[in-house]
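See structure below.
Each chain gets a letter, A, B and so on, in the order its sequence line appears, and its residues count up from 1. A quick note: this is a predicted structure, and the numbers were derived from the prediction, not measured.
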Amino acid sequence: MSKLHKTVVVIPKSANSSFPKTPPKPQTVPPPPPPAAETAVDPTSVTNLILKTNPEILPQKLPGLTQWTPDLVHTILKRLWNHGPKALQFFKILDSHHTYTHSATAFDYGIDIAARMRDYKTLWALVVRMRARKLGPGPKTFAIIIERYVASGKADKAVDVFLSMHKHGCPQDLNSFNTLLDVLCKAKRAEMAYNLFKMFRGKFRADMVSYNIVANGFCLIKRTPKALEILKQMVERGLDPNVMTYNIILKGFFRAGQTKEAWEFFLQMKRRKCEIDVVTYTTMVHGFGVAGEVERSRKLFDEMVGAGVLPSVATYNALIQVLCKKDNVENAILVFDEMLWKGYVPNVTTYNLVIRGLCHVGNMDRAVEYMDRLKDDECEPNVQTYNLLIRYYCDDGEIEKGLELFEKMSSGHCLPNLDTYNILISAMFVRKKSDDLVVAGKLLLEMIDRGFLPRRFTFNRVLNGLLLTGNQGFAREILRLQSRFGRLPHQFRL
DNA sequence: TTAGGGTTAG
């Protein structure tokens with residue numbers, strides 16, 4: 001079997017070294033089909049194979065492994081999300097496949113992953129390649145690129161990218177303009193967004209969406225007066241605020257701690273017969289609850305059905321969070337049961353809230369029970385589920401159990417993210433054990449290997465820890481790596 | 001991926 005497989009793989013090797021510039025030609029001799037047992041490979045086993053296989057031999061193993069389809073490729077790219085280098089290698093290998101060609105979506109994923117690793121060279125190479133294949137880059141591609149530049153503190157660069165979109169064959173329009181504003185606002189750069197808004201609102205014919213985005217931007221930085229000013233401008237321009245506008249302002253009041261104003265605003269919405277929807281109520285339930293007014297929160301929750309607005313899962317989640325934080329987990333669980341009783345399907349957020357609530361009162365065993373229930377509910381624990389359990393185990397001094405969960409992640413389809421590594425590395429310092437520091441060192445190496453950039457602080461902390469516990473050899477290894485950083489591709493530069 | 005509501009630690 002393995003011998004047969006080998007002969008299959010040798011054939012495409014010659015064409016492997018560079019990207020073929022021409023579309024694949026129909027072949028007179030069809031390539032031998034992959035062995036029957038491997039034709040229907042599931043995403044999990046392919047992902048695990050990619051993770052386990054040495055990068056040097058992956059290019060030989062992968063192409064003939066299965067019948068590649070866009071869906072399979074997308075699923076695998078998503079699963080490899082927290083292992084950027086592997087994800088990009090996978091993308092590149094399939095990009096030079098004989099018969100399979102990447103979809104626009106796959107390119108967008110690849111671009112997103114490269115951008116997240118701050119590997120801008122690869123990012124732009126993919127953009128060029130995408131265009132050569134007439135798959136884009138499209139508005140979504142630019143939304144991704146802009147968001148990543150903003151997220152890494154390069155808002156000016158993001159604006160440049162927006163302004164040069166048309167040079168890549170993707171003309172700017174109102175949608176892409178609104179996306180730019182939104183990305184800036186979500187990154188707390190409302191002032192910058194507002195300046196652009198003023199500069200270009202005529203050119204792109206700013207609409208209600210643009211105004212809502214900017215108003216929300218100011219709410220996000222707790223500048224509700226400015227948000228109200230935007231609302232006023234909007235009305236002056238003859239644009240009628242809609243329920244989203246009001247919900248934005250309402251949430252803004254809560255965010256800024258102005259519960260009194262929020263209540264007044266809500267009453268005014270009612271008086272003026274504005275539309276009040278499930279989002280309005282969810283905002284109210286959550287807002288009053290986290291402000292400590294649990295009774296009021298509950299009352300609003302009970303009131304909404306009478307007002308003809310049915311709670312959503314998010315509304316239940318809001319109430320559950322409030323009860324966990326300001327009341328009692330047991331009451332939160334009663335609400336959880338009630339929602340099941342009424343036929344709602346809790347999502348992973350619901351479970352995470354209950355799990356966190358239980359962890360918080362030290363009931364780790366029951367928390368784990370809910371994690372198992374989550375799996376039974378054809379819902380999957382996500383990286384947040386794992387992270388919060390790992391965090392509480394470590395805080396509890398049960399570091400082994402935390403590490404056990406971590407191991408589980410690496411073998412399953414929920415790869416650890418940057419937070420996971422930071423949580424665990426920090427935990428390795430509490431017992432002041434030499435062995436723990438060695439684990440911290442290994443975690444540090446592993447996270448770098450997976451495309452995460454440790455902060456300088458983390459680096460030095462691990463280094464000092466190793467030196468203080470007599471692990472000079474390992475410390476030197478890490479030091480060598482640190483000094484190599486200057487020469488590594490710039491995504492690794494400190 | 002054009003706007004609003006639930007997870008995050010302190």
Side-chain angles (χ1 to χ4, degrees), chain A residues 105 108 111-112 137-148 173-183 185-186 193 204 206-217 219-220 227 230 234 239 241-252 254-255 275-287 289-290 297 300-301 304 309 311-325 332 335-336 339 344 346-357 359-360 374 381-392 394-395 417-420 422-423 426-427:
Chain A
T105 308
D108 285 343
I111 286 166
D112 205 354
K140 188 175 167 186
T141 318
F142 282 100
I144 291 166
I145 297 172
I146 287 168
E147 188 178 330
R148 292 295 169 194
D173 60 7
L174 177 59
N175 291 350
S176 54
F177 179 58
N178 283 343
T179 303
L180 172 71
L181 296 179
D182 194 43
V183 166
C185 285
K186 300 256 163 72
F204 293 112
D207 62 354
M208 178 156 61
V209 177
S210 327
Y211 279 93
N212 282 349
I213 288 168
V214 176
N216 188 43
C219 285
L220 286 171
I230 304 289
M234 180 174 170
L239 293 166
N242 59 8
V243 62
M244 281 199 199
T245 319
Y246 293 125
N247 288 340
I248 286 165
I249 302 286
L250 189 64
K251 179 77 190 172
F254 282 118
R255 209 178 264 123
E275 187 193 342
I276 289 178
D277 65 6
V278 60
V279 178
T280 319
Y281 271 107
T282 306
T283 306
M284 295 294 285
V285 168
H286 188 250
V290 297
S297 170
L300 281 155
F301 184 86
M304 62 189 289
V309 184
S312 64
V313 172
T315 321
Y316 272 101
N317 290 350
L319 184 61
I320 287 170
Q321 191 204 135
V322 161
L323 295 173
C324 284
K325 271 193 167 165
V335 173
F336 180 87
M339 84 186 267
Y344 285 88
N347 57 24
V348 64
T349 304
T350 324
Y351 277 100
N352 287 349
L353 287 164
V354 172
I355 292 169
R356 181 175 296 108
C359 286
H360 196 74
L374 198 168
N382 60 15
V383 68
Q384 278 89 352
T385 320
Y386 283 103
N387 286 353
L388 81 90
L389 278 165
I390 291 173
R391 186 190 302 271
Y392 277 101
C394 290
D395 286 355
N417 67 6
L418 182 63
D419 289 336
T420 322
N422 283 331
I423 292 163
S426 296

- How are the rings of A:Tyr351 and A:Phe336 set relative to one another: parallel (under 30°), tilted (30 to 60°) or perpendicular (over 60°)? perpendicular

- Task: Return the value, rounded to whole Å, for the distance between atom CG of A:Asn178 and atom P of B:dT2.
- Result: 9 Å

- Message: Should the side chain of A:Asp419 and the base of B:dA9 be counted as holding a donor-acceptor pair, with the cut-off at 3.5 Å?
- Response: no

- Task: May I have the distance from A:Ile144 (atom CD1) to B:dT1 (atom C1'), rounded to whole angstrom?
- Result: 8 Å

- Salt-bridge contact A:Asp395-A:Arg391 (side-chain N to carboxylate O under 4.0 Å): no

- So what does A:Val243 hit on the nucleic acid, given a heavy-atom distance under 4.0 Å: a base, only sugar-phosphate, or nothing? base

- Item | Which nucleotide in B:dG5, B:dT1, B:dA3 has an atom nearest any side-chain atom of A:Thr179 | B:dT1

- Query: Quick check, are the ring centers of A:Tyr316 and A:Phe301 under 6.0 angstrom apart?
  - Reply: yes

- Task: Take A:Thr179 and A:Asp182 through the test side-chain hydrogen bond (donor to acceptor under 3.5 Å, both in side chains) and record every step on the way to the result.
- Result: CA-CA 5 Å; A:Thr179 303; A:Asp182 194 43; over 6 Å; no

- Query: Does A:Lys251 make a side-chain N or O approach to OP1 or OP2 of B:dG6 shorter than 4.0 Å?
  - Reply: yes

- Query: With distance as the sole criterion, do the side chain of A:Thr283 and the base of B:dG5 form a donor-acceptor contact below 3.5 Å?
  - Reply: no

- Starting from C1' on B:dT8, measure out to CG on A:Leu389 and report it in whole angstrom. 13 Å

- Is any side-chain N or O of A:Arg255 closer than 4.0 Å to OP1 or OP2 of B:dG5? yes

- Query: Whole-Å distance between B:dG6 P and A:Leu388 CG?
  - Reply: 18 Å

- Message: Using whole Å, what does the distance between atom P of nucleotide B:dG5 and atom CD1 of A:Ile248 come to?
- Response: 8 Å

- Just call it for A:Val278: base, sugar-phosphate, or nothing, with non-hydrogen atoms closer than 4.0 Å on any strand. base

- A:Ile320 CD1 to B:dG6 P, straight-line distance once rounded to whole Å: 14 Å

- Looking at every strand, decide which applies to A:Thr385 at a 4.0 Å heavy-atom threshold: base, sugar-phosphate, or nothing. nothing

- Item | Distance below 4.0 Å between A:His286 side-chain N/O and B:dG5 OP1 or OP2 | no

- Task: Report the distance from atom CG of A:Leu180 to atom C1' of B:dT1, rounded to the nearest whole Å.
- Result: 13 Å

- Query: Hey, is the side chain of A:Arg391 poking within less than 4.0 Å of OP1 or OP2 on B:dT8, counting only N and O atoms?
  - Reply: no

- Would A:Thr349 and A:Asn352 count as a side-chain hydrogen bond (donor to acceptor under 3.5 Å, both in side chains) if you check the C-alpha gap in whole Å, the side-chain angles of each, and the deciding distance to 0.1 Å? CA-CA 5 Å; A:Thr349 304; A:Asn352 287 349; 5.7 Å; no

- Item | Nucleotide of B:dT2, B:dA3, B:dT8 approaching A:Lys186 most closely (side-chain heavy atoms) | B:dA3

- Tell me what A:Thr315 touches on the nucleic acid: a base, only sugar-phosphate, or nothing, going by heavy atoms under 4.0 Å. base

- Message: I want to verify a distance call: between B:dA3, B:dG6, B:dT1, whose nearest atom is closest to the A:Ala314 side chain?
- Response: B:dG6

- Message: How many whole angstroms separate atom CG of A:Asp108 from atom P of B:dT1?
- Response: 10 Å

- Note on the structure: From the candidates B:dG5, B:dT8, B:dT2, the one with an atom nearest any side-chain atom of A:Ser312 is B:dG5

- Write down the atom of A:Leu239, the atom of A:Asp207, and the distance for their closest heavy-atom approach. CD1-C, 4.0 Å

- Query: Is A:Asn216 touching bases, backbone alone, or none of the nucleic acid, heavy atoms closer than 4.0 Å?
  - Reply: sugar-phosphate

- Query: Where does B:dG6 land, syn or anti, given syn is within 90° of 0?
  - Reply: syn

- Task: Compare the minimum distances between each of B:dA3, B:dG6, B:dT2 and the side chain of A:Thr282, then state the nucleotide with the smallest one.
- Result: B:dG6

- Item | A:Thr315/A:Ser312 under side-chain hydrogen bond (donor to acceptor under 3.5 Å, both in side chains): CA gap, chis, key distance, verdict | CA-CA 5 Å; A:Thr315 321; A:Ser312 64; 3.1 Å; yes

- Message: Taking donor-acceptor contacts at under 3.5 Å, does the side chain of A:Thr350 reach the base of B:dG6?
- Response: no

- Assign A:Asn387 to base, sugar-phosphate, or nothing according to its heavy-atom contacts below 4.0 angstrom with the strands shown. nothing

